[in-house]
Amino acid sequence: MFLMIFVNDLAGAPSKIVPDWMVHFSDRHHGGSGMTFVDLVFPGFLFIVGMSIPFALGSRLAKGEPLWKITLHVITRTLALLAIGILMVNGESPADETSGWSPSLWAAAMFLSAILAFCAISPRGTGKGTSKFWKIVNACLRTFGFAGMLCLAFAFRSRGGQPIITISPFHLNTSWYGILGLIGWAYLAAAIVY
């Protein structure tokens, strides 16, 4: 995780500061072929994700969880990664403030909504009487988060005026699904193979 954040931060740094071996090979060497350690970070992460799937899904199977429930979990997680990836990719080129949204405000609202949509609060040491309370709190936070993500997807306009999603005719501007989308597709494929 540290390396992923590190190499992403280096990607935006000036070439005078960052040596060639610390950026993606294609970013500095046009027309050549090769690789640096940066080109190994994402494949390494995907390898770790793939290696963890037998532990995660195997544990669920060992507990006797039905296959349909595990499949629903995998599909839900994949769709969540794709949705956040689409929002992130489109959020890289938001319209300027004339569209009614500050690009920074839109990005902050999108990440906050995604966090709320997938958070689960469970304080330690709570008694039986409070567990129902925390289930309601979690349901409210998740509902608010999903509603926020949906509203932001409809409200977004890129610099060219293109929305992320339109209803009539239905269109979803997926671009390349973003890095989270790639993780989502890899997770789905590996889970199906397992």
Side-chain angles (χ1 to χ4, degrees), residues 1-2 4-9 11-12 42 45-46 49 52-53 56-57 60 68-124 126 130-192:
M1 294 301 288
F2 171 77
M4 287 184 356
I5 294 168
F6 180 69
V7 298
N8 282 341
D9 285 344
F42 184 62
F45 178 77
L46 284 182
V49 168
S52 69
I53 286 173
L57 299 184
R60 287 174 174 259
W68 69 267
K69 197 170 183 182
I70 296 170
T71 304
L72 184 63
H73 171 77
V74 168
I75 291 170
T76 302
R77 182 167 284 178
T78 300
L79 291 174
L81 288 166
L82 291 174
I84 297 171
I86 290 168
L87 288 173
M88 285 176 62
V89 165
N90 283 286
E92 291 174 359
S93 62
D96 58 13
E97 294 177 8
T98 58
S99 67
W101 282 92
S102 154
S104 299
L105 176 63
W106 189 90
M110 186 272 296
F111 284 115
L112 178 63
S113 295
I115 288 168
L116 292 176
F118 299 101
C119 75
I121 300 172
S122 58
R124 292 180 182 225
T126 57
T130 58
S131 64
K132 187 174 184 180
F133 169 77
W134 288 110
K135 285 182 182 179
I136 293 170
V137 168
N138 285 328
C140 290
L141 290 175
R142 287 180 173 187
T143 301
F144 185 73
F146 281 116
M149 287 174 59
L150 195 59
C151 289
L152 288 167
F154 279 106
F156 178 85
R157 295 292 179 268
S158 69
R159 288 188 186 113
Q162 185 175 5
I164 292 176
I165 188 169
T166 57
I167 298 295
S168 182
F170 181 78
H171 174 72
L172 184 62
N173 186 20
T174 59
S175 185
W176 63 283
Y177 293 103
I179 200 80
L180 285 180
L182 294 178
I183 294 169
W185 287 121
Y187 170 73
L188 178 65
I192 289 171

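As a basis for the values below, the full set of heavy atoms in this structure was taken, side chains included, without hydrogen atoms, waters or symmetry mates.
- At a threshold of 4.5 Å between non-hydrogen side-chain atoms, the residues K69 and R60 do not count as touching.
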I'd like to know whether M88 forms a side-chain contact (heavy atoms from CB on, under 4.5 Å) with M110, so could you lay out the CA-CA distance, the side-chain angles of the two residues, the decisive distance to 0.1 Å, and finally the verdict.
CA-CA 8 Å; M88 285 176 62; M110 186 272 296; 3.7 Å; yes
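- Between V7 and F42 the shortest side-chain heavy-atom distance does not fall below 4.5 Å.
- Counting all heavy atoms, side chain and backbone alike, A117 lies closest to M149 at CB-SD, 3.9 Å.
- Minimum interatomic distance between I53 and A190 (heavy atoms only, all atoms of both residues): CD1-CB, 3.4 Å.
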Should Y187 and V74 be marked as a side-chain contact (heavy atoms from CB on, under 4.5 Å) after you check the CA-CA gap, both sets of side-chain angles, and the distance that decides it?
CA-CA 8 Å; Y187 170 73; V74 168; 3.6 Å; yes
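- Residue L188 holds its CG atom at 12.5 Å from CZ of R77, rounded to the nearest 0.5 Å.
- Evaluation of the salt bridge (charged side-chain N to carboxylate O under 4.0 Å, His left out) rule for R142 yields no partner, not counting sequence neighbours.
- Side-chain atoms of W185 and L81, non-hydrogen and from C-beta on, never get closer than 4.5 Å to each other.
- Minimum heavy-atom separation, G145 to L116: CA-CB, 3.8 Å.
- L82 contributes atom CG, which lies 11.0 Å from atom CG of L87 (distance to the nearest 0.5 angstrom).
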Worked check of side-chain contact (heavy atoms from CB on, under 4.5 Å) between F111 and W106
CA-CA 9 Å; F111 284 115; W106 189 90; over 6 Å; no
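- The shortest heavy-atom contact between C119 and N138 is O-OD1, 4.5 Å.
- Two residues are said to be in side-chain contact when any heavy atoms from C-beta on lie closer than 4.5 Å; F170 and I165 meet this criterion.
- Put simply, CZ on F45 and CE on M4 are 4.5 Å apart, with the number rounded to the nearest 0.5 Å.
- Interatomic distance, CG of L141 versus CH2 of W134, reported as 9.0 Å (0.5 Å rounding).
- In this structure, I84 and F118 have side chains that are in contact, with non-hydrogen atoms separated by less than 4.5 Å.
- Judged by distance alone, with hydrogens and angles left aside, the side-chain atoms of N173 form no donor-acceptor pair with the main-chain N or O of N90 at under 3.5 Å.
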Before you tell me yes or no, could you show the steps for I167 and F154 under side-chain contact (heavy atoms from CB on, under 4.5 Å), namely the whole-Å CA-CA distance, both residues' side-chain angles and the distance that decides it to 0.1 Å?
CA-CA 9 Å; I167 298 295; F154 279 106; 3.7 Å; yes
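- Between the NZ atom in K135 and the CD1 atom in I121 there is a gap of 15.0 Å [rounded to 0.5 Å].
- Annotation: the span from S113 atom OG to L152 atom CG amounts to 5.0 Å, rounded to 0.5 Å.
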